[in-house]
Every structure is written in C-alpha cells, then in structure tokens.
Amino acid sequence: SRLEVENMDEAIRNLCLALKDEADTVIGCTDKLASLPDGSNKAAQTLDMIRLDGVAHIQSLTLAITELMSDGSADSGGSDE
C-alpha cells in the first residue's frame with residue numbers, strides 16, 4: 001500500500017540521516033587525531049575508539065538500509081503495475 005511505501009521511505013530517510021551523522025563523527029575524529037600533539041596517547045586512544053564505534057554504526061545502518069530497500073522492492077515486485 002502507499003502508506004507502507006511512505007513509511008518505508010521515511011525510515012530509509014531517517015537511517016540515511018543517521019548514517020550521515022556517523023560519517024561526520026568518523027571524519028571529525030580523523031581530523032582531530034591528525035592534529036593531536038605528540039604524546040597525546042590517551043586522547044588518541046579515545047578518539048580512535050569513538051571512530052571505530054562510528055564505523056561499526058555505519059555498517060549497521062548500511063545493512064538496515066539495504067534490508068529495508070530489498071524488502072520494499074520484493075513487496076512491490078519491482079514493477080509499476
């Protein structure tokens with residue numbers, strides 16, 4: 001039904017926005033790591049851990065988007081009948 005498609009589109013949109021936020025976090029941590037002074041081991045470890053968590057979140061979000069889109073195209077039969 002049209003409502004299900006609209007709900008799926010909104011879910012995909014929200015997952016993509018979350019994906020964008022996570023990507024920004026990874027980019028930010030990477031930039032901060034590059035600008036840390038020597039001897040900032042604890043700060044570097046913390047930023048690296050946050051960056052790695054962000055990558056894991058990106059993977060989870062990508063999988064969720066892929067599953068939603070796959071389910072949606074299976075439901076519609078892939079045609080405009």
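Every value quoted in this text rests on a predicted model; they were computed, and no experiment measured them.
- Residue Leu47 belongs to a hydrophobic cluster whose other members are Leu33, Leu36, with links defined by side-chain heavy atoms closer than 4.5 Å.
- Residue Ile50 belongs to no hydrophobic cluster, having no ILVMFWY side-chain heavy atom closer than 4.5 Å to its own.
- Hydrophobic clustering (side-chain heavy atoms under 4.5 Å, transitive across Ile, Leu, Val, Met, Phe, Trp, Tyr) groups Ile58 together with Met69.
- When the side chains of ILVMFWY residues are joined at heavy-atom separations under 4.5 Å, either directly or via intervening members, Leu19 and Val55 end up in a single hydrophobic cluster.
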Verdict with supporting geometry, Ile12 and Leu15, side-chain contact (heavy atoms from CB on, under 4.5 Å): CA-CA 5 Å; Ile12 291 168; Leu15 287 169; 5.5 Å; no
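- Residue pairs that meet the side-chain hydrogen bond (donor to acceptor under 3.5 Å, both in side chains) test with at least one member in residues 52-64, sequence neighbours left out, are Glu22-His57.
- Applying the side-chain hydrogen bond (donor to acceptor under 3.5 Å, both in side chains) test to every pair with at least one member in residues 24-37, sequence neighbours left out, gives these pairs: Thr30-Arg51.
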Output side-chain donor-acceptor pairs under 3.5 Å for residues 38-45, partner residues at least two apart or in another chain, one line each.
| from | atom 1 | to | atom 2 | distance (Å) |
| --- | --- | --- | --- | --- |
| Ser40 | OG | Pro37 | O | 2.8 |

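- Annotation for Ala11 and Leu68: closest pair CB-CD1, 3.7 Å, computed over non-hydrogen atoms.
- Glu6 pairs by the salt bridge (charged side-chain N to carboxylate O under 4.0 Å, His left out) definition with Arg2, not counting sequence neighbours.
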